[in-house]
Structure formats: structure tokens, C-alpha cells
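Below you'll find the structure, written out as C-alpha cells, and then a few comments.
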Amino acid sequence: MGKDKKKRAKKAEKASEKKGKSKSGKSKSVPKSFPGESVENGFSAAPIQHTHPKKASSRHTSDASAQEMLAIFQALSDENRLKIMTLLANGELSTPELLESIDVVQSTMSHHMKALSEAGLVQSRRVGKRSCYRVRKDTLERMASYFQLLCGE
């Protein structure tokens, strides 16, 4: 066996040993999970189950609402996307009109608009070869309701 083959074989052997053992050579302890749950980084991926049916259904609704809000806030976490939302608050605009106001290239604008659309914040329609965008008021109303819920109103 040549030097290179020996090095590769030794490297592969070390890598496979590392997967199942710690530096001290002992097997790594893997957190146990209940049947049907997956454990990743020591945290259970399965949701907590409530026994009371009313509480479980309201929990499910609030989880869905929280997931929707998470997607919205992630979409709004970019400065340019916030600028786009501010521009669209004044009415419908086409991609070229948005590009005049925000200093990005067309492909970047397309990426931003996709993120805002997937989060449900904007709606688009085709006018000839152009796409025109407007704010989805229903999503903003759900956001307002979510903040009212957080404030206890």
C-alpha cells in the first residue's frame, strides 16, 4: 500500500472512531427519546402533548399562529424588505418602480419579493411583462391581532 493510501485509510478510520466516541475513547452518550420522537442535539423534536382537549386545540392554534408570525418576522428582518413594505404601503408598485427607490440589482429584488410573498406579506399580479406588488392587508391585520394578544388586549 502506498503512502497516500495509508494516510487516507488512517484518516477514514479516525473519522469513523470520532463519530461514536469522545476524545477520551469512551462511547458518547446519546440522549434517549420516547418511541416516535427524534432527538437532535439533546432536544426532543416532538411537540409537548396536552391531555385536555380544549387546551390542546388552542395550543395547536397558537402554535400555527406563532409559526406564521415567525415566518413574517424573518421576512421583515432585512432592511431592504422593510423599505419595500414601506413603499408598498402607499399603493401598488411594479418591480422597476421599486428598483428606482431601492439600490439593489433586479435579481436581488426578485429574491426579496419572493421572501415577502412566501411570508404572505405581499401579493403580486402580472401586467404585461411586469410584476406589480401590493401589501396583503389580511396578513397585517393578523399581525396586529397577534400583538394585541401579546399585550393582553
Side-chain angles (χ1 to χ4, degrees), residues 4 7-8 11-12 14-20 22-23 28-153:
D4 289 338
K7 283 183 180 179
R8 281 185 286 202
K11 204 175 199 180
K14 282 184 180 180
S16 66
E17 285 177 7
K18 274 188 176 181
K19 285 183 184 177
S22 65
K23 287 182 182 178
K28 290 181 182 178
S29 64
V30 178
K32 293 186 178 182
S33 63
F34 292 104
E37 290 182 334
S38 63
V39 175
E40 193 173 295
N41 298 328
F43 294 100
S44 171
I48 297 171
Q49 297 294 319
H50 292 280
T51 54
H52 193 279
K54 267 192 173 178
K55 288 182 181 178
S57 65
S58 67
R59 165 77 180 201
H60 217 352
T61 304
S62 65
D63 282 350
S65 178
Q67 288 299 315
E68 179 187 22
M69 291 302 118
L70 178 62
I72 290 169
F73 294 135
Q74 285 175 338
L76 293 174
S77 67
D78 183 272
E79 182 181 358
N80 285 323
R81 292 183 201 145
L82 284 173
K83 289 178 185 176
I84 292 167
M85 290 298 292
T86 303
L87 292 169
L88 292 176
N90 297 320
E92 185 177 89
L93 292 172
S94 67
T95 304
E97 292 169 325
L98 288 167
L99 285 167
E100 287 175 11
S101 301
I102 298 176
D103 188 30
V104 295
V105 295
Q106 197 278 330
S107 59
T108 303
M109 179 63 72
S110 182
H111 169 77
H112 288 314
M113 297 315 296
K114 180 180 178 186
L116 292 170
S117 293
E118 286 178 353
L121 288 163
V122 297
Q123 188 171 19
S124 66
R125 67 183 182 96
R126 297 290 287 182
V127 179
K129 292 183 179 182
R130 294 180 177 193
S131 290
C132 292
Y133 297 92
R134 65 181 179 93
V135 172
R136 288 190 55 186
K137 304 273 188 217
D138 60 321
T139 303
L140 297 181
E141 289 167 357
R142 283 196 304 279
M143 286 177 66
S145 295
Y146 185 75
F147 282 118
Q148 287 174 342
L149 177 72
L150 292 176
C151 293
E153 294 178 19

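Values below: all heavy atoms of this structure, side chains included; hydrogens, waters and symmetry mates excluded.
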Could you list the donor-acceptor pairs under 3.5 angstrom formed between side-chain atoms of residues 98-105 and any protein atom two or more places apart in sequence or on another chain?
none

(message) Within the structure provided, determine whether Ser131 and Arg125 are in side-chain contact (heavy-atom separation under 4.5 Å).
(response) no
Please report, to 0.1 Å, the donor-acceptor pairs under 3.5 Å made by any side chain of residues 108-116, with sequence neighbours excluded.
| from | atom 1 | to | atom 2 | distance (Å) |
| --- | --- | --- | --- | --- |
| His111 | NE2 | Arg81 | NH2 | 3.4 |
| His112 | ND1 | Arg81 | NE | 3.0 |

(message) My understanding is that only one of Glu92, Met85, Arg134 makes a side chain to side chain contact (heavy atoms under 4.5 Å, CB included) with Val122; could you say which?
(response) Met85
(message) Holding to side-chain contact (heavy atoms from CB on, under 4.5 Å), I want the full list of residues that pass it with Ser124, two or more places apart in sequence or in another chain.
(response) Tyr133
(request) Would you give the length of the straight line joining atom OG of Ser77 to atom CD1 of Ile72, rounded to the nearest 0.5 angstrom? (result) 12.5 Å
(message) Could you work out, with side-chain hydrogen bond (donor to acceptor under 3.5 Å, both in side chains) as the rule, every residue matching Ser94, not counting sequence neighbours?
(response) Glu97
(message) If I take atom CZ from residue Phe147 and atom CZ from residue Arg142, how far apart are they, to the nearest 0.5 angstrom?
(response) 13.5 Å
(request) Could you pull out all residues at least two apart from Arg130 that satisfy salt bridge (Lys or Arg N to Asp or Glu O under 4.0 Å)? (result) none
(request) Give, for atom CD of Gln123 and atom CG of Asp138, the distance between the pair rounded to the nearest 0.5 Å. (result) 8.0 Å
(request) Might you point out which heavy atoms bring Thr139 and Ala119 nearest each other, and give the distance in Å? (result) CG2-O, 4.4 Å
(request) State which residues pass salt bridge (Lys or Arg N to Asp or Glu O under 4.0 Å) with Glu79; sequence neighbours excluded, sorted by chain then number. (result) Lys83
